[in-house]
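Report on the following structure.
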Amino acid sequence: MKIATYNVNGIHARLPVLLRWLEETAPDVACLQELKTPQEKFPEQALLDIGYQAVWHGQKSWNGVAILAKGQKPEEVGRGLAGDPEDDQSRYLEAMVNGVLIGCLYLPNGNPAPGPKFDYKLRWFDRFKTRAKELLASDAPVVLAGDYNVIPTEQDAYKPERWVEDALFRPESRAAFEDLKDQGWTDALRHLYPAETIYTFWDYFRNAYGRNAGLRIDHLLLSPKLTNSLVSAGVDREVRGWEKSSDHGPVWIELNI
DNA sequence: ATGACCCGATCTTCGGGA
């Protein structure tokens, strides 16, 4: 079972690239972030035409997450996180596919930091950790996939010294990610490739992709019972070089279940 | 040190992204 995550940075602008990537790599499940489209304008039919059914949580202009499955309808479990009734941003969606619970997340960026946006990021992270702990207590195998907007370690940035004041790399953000993993989650890519340079994002400026000036901020976390099922993982980094690409590349894992 | 590039808004310019 192949599960991927891809921050598309606008699903309408990205549709040709998204469809090509799905057809060429054929993931069984694809978690998408930054749809940037209202609920009613999600391009459901274009995905159906190539064999993908979807559940999604849209929002005008910003955010938005979706879970796609090949040849079947993802069974939605829930949307949004508990703990803040005033939070109306579309950043979290859960669905079951083939007995695996998939959590698709778009964690807040948090810049500028410090400030209210950084506070929101850390509060959101706390609410997410609460949900993650609940999921660990359930029976289902779980994959938490998405754009975490966290650079976990110095190994995960092209020039980490440039990011020390940034919300993606500040100690609070890294500590939150560590706390989450300490619940029992496995960072799939890092687990298979402990010493490799792995990036999932290259910004649009300064020819970052051409220079491989990237960050690793998109992650797939596995619940304990899935760790032994992990057989391979990677980043489809060539997609970042396609015409009209997102600034993120797709990240995927293959589970033997 | 700065600004560089994209997105979706409905504005020919802006906020947000990371």
Side-chain angles (χ1 to χ4, degrees), chain A residues 5-21 31-43 46 56-66 87-92 104-122 124-125 128 145-174 176-177 197-219 235 237 239-251:
Chain A
T5 180
Y6 185 23
N7 180 323
V8 295
N9 185 19
I11 195 168
H12 297 298
R14 208 64 57 225
L15 197 56
V17 165
L18 174 63
L19 296 175
R20 176 182 169 192
W21 167 70
C31 297
L32 307 181
Q33 302 87 33
E34 280 207 86
L35 305 177
K36 294 185 173 181
T37 188
Q39 186 72 10
E40 65 277 12
K41 291 190 177 173
F42 183 86
W56 64 95
H57 190 190
Q59 180 181 335
K60 186 179 177 183
S61 301
W62 318 118
N63 310 314
V65 286
D87 183 6
D88 56 1
Q89 300 190 25
S90 299
R91 295 182 175 274
Y92 188 68
C104 173
L105 66 142
Y106 175 47
L107 206 137
N109 173 302
N111 279 306
K117 292 191 173 183
F118 192 55
D119 295 341
Y120 173 66
K121 175 179 196 159
L122 297 180
W124 200 96
F125 219 142
F128 178 56
D147 178 357
Y148 283 70
N149 269 317
V150 175
I151 303 165
T153 73
E154 294 192 347
Q155 188 182 9
D156 300 308
Y158 162 64
K159 283 200 174 177
E161 66 273 17
R162 289 192 178 174
W163 295 89
V164 290
E165 298 295 324
D166 192 279
L168 278 64
F169 195 51
R170 287 178 72 93
E172 301 93 325
S173 304
R174 283 188 270 170
F177 191 73
T197 295
I198 306 167
Y199 299 141
T200 68
F201 166 88
W202 298 262
D203 81 30
Y204 288 122
F205 304 159
R206 299 172 294 245
N207 187 31
Y209 178 66
R211 296 183 299 118
N212 197 29
L215 305 174
R216 190 173 75 95
I217 56 175
D218 301 273
H219 310 297
V235 180
R237 70 187 310 288
V239 176
R240 177 64 182 82
W242 292 356
E243 195 78 17
K244 293 279 287 177
S245 165
S246 171
D247 42 5
H248 294 249
V251 189

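What you see is a predicted model, and the numbers here were worked out from it, not measured in a lab. Here is the naming used below: chain letters follow the sequence lines, and residue numbers restart at 1 for every chain.
For E165(A) and dA18(B), the CD to C1' distance is 15 Å, given to the nearest whole Å. Here the P atom of nucleotide dC7(B) and the CG atom of L15(A) are 13 Å apart, to the nearest Å. Atom-to-atom, CG of N63(A) to P of dG15(B) comes out at 18 Å; the value is rounded to the nearest Å. The CD1 atom of I151(A) sits 15 Å away from the P atom of dG17(B) (whole-angstrom rounding). The CG atom of N111(A) sits 14 Å away from the C1' atom of dG15(B) (whole-angstrom rounding). R162(A) has its CZ atom 15 Å from the P atom of dG3(B), to the nearest Å. The distance between atom NE2 of H248(A) and atom P of dC7(B), rounded to the nearest whole Å, is 13 Å. If you measure from atom CZ of R240(A) to atom P of dA18(B), you get 13 Å, rounded to the nearest angstrom.
Comparing the C1' positions of dC11(B) and dG16(B) gives an interatomic distance of 16 Å, to the nearest angstrom. To the nearest whole angstrom, the two P atoms, one in dT10(B) and one in dC6(B), are 23 Å apart. Separating the P atom of dT2(B) from that of dT13(B) is a span of 25 Å, rounded to the nearest Å. Nucleotides dG15(B) and dA1(B) have their C1' atoms positioned 23 Å apart, rounded to a whole Å.
Listed by chain and number, the residues in a ring-ring contact (aromatic ring centres under 6.0 Å, His included) with H248(A) are F201(A) (sequence neighbours excluded). Not a single ring-ring contact (aromatic ring centres under 6.0 Å, His included) links Y158(A) to another residue, sequence neighbours left out. With sequence neighbours excluded, the residues satisfying salt bridge (Lys or Arg N to Asp or Glu O under 4.0 Å) with D203(A) are R206(A). R162(A) is linked by a salt bridge (Lys or Arg N to Asp or Glu O under 4.0 Å) to nothing, counting only residues two or more places apart in sequence or in another chain. For R170(A), the salt bridge (Lys or Arg N to Asp or Glu O under 4.0 Å) partners two or more places apart in sequence, or in a different chain, are E165(A), E172(A).
Closest to the side chain of F201(A), from the set dA18(B), dA4(B), dG17(B), is dA18(B). Nearest to the side-chain atoms of N7(A) among the listed nucleotides dA18(B), dG3(B), dG16(B) stands dA18(B).
K121(A) comes within 4.0 angstrom of no nucleic acid atom, judged by non-hydrogen atoms across all strands. Using a 4.0 Å heavy-atom cutoff across all strands shown, Y148(A) reaches no nucleic acid atom at all. Within 4.0 Å (heavy atoms only), N149(A) reaches sugar-phosphate atoms of the nucleic acid but no base atom.
Using a 4.0 Å cut-off, some side-chain N or O of Y106(A) falls inside it from OP1 or OP2 of dA18(B).
Under 3.5 Å, the side chains of Y106(A) and N149(A) contain no donor-acceptor pair of N or O atoms. A side-chain N or O of K36(A) and one of N9(A) form a donor-acceptor pair less than 3.5 Å apart.
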Produce the list of close N/O pairs, under 3.5 Å, pairing protein atoms with atoms of nucleotides 8-11 of chain B; give distances to one decimal.
{"unit_1": "dG8(B)", "atom_1": "OP1", "unit_2": "A13(A)", "atom_2": "N", "d": "3.2"}

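Closest-nucleotide positions on DNA chain B for G110(A) and F205(A) were compared, and the one nearer the 5' end corresponds to F205(A).
Checked by distance alone, D203(A) brings no side-chain donor or acceptor within 3.5 Å of a matching partner on the base of dA18(B).
Here F177(A) and H219(A) bring their ring centres to under 6.0 angstrom of each other.
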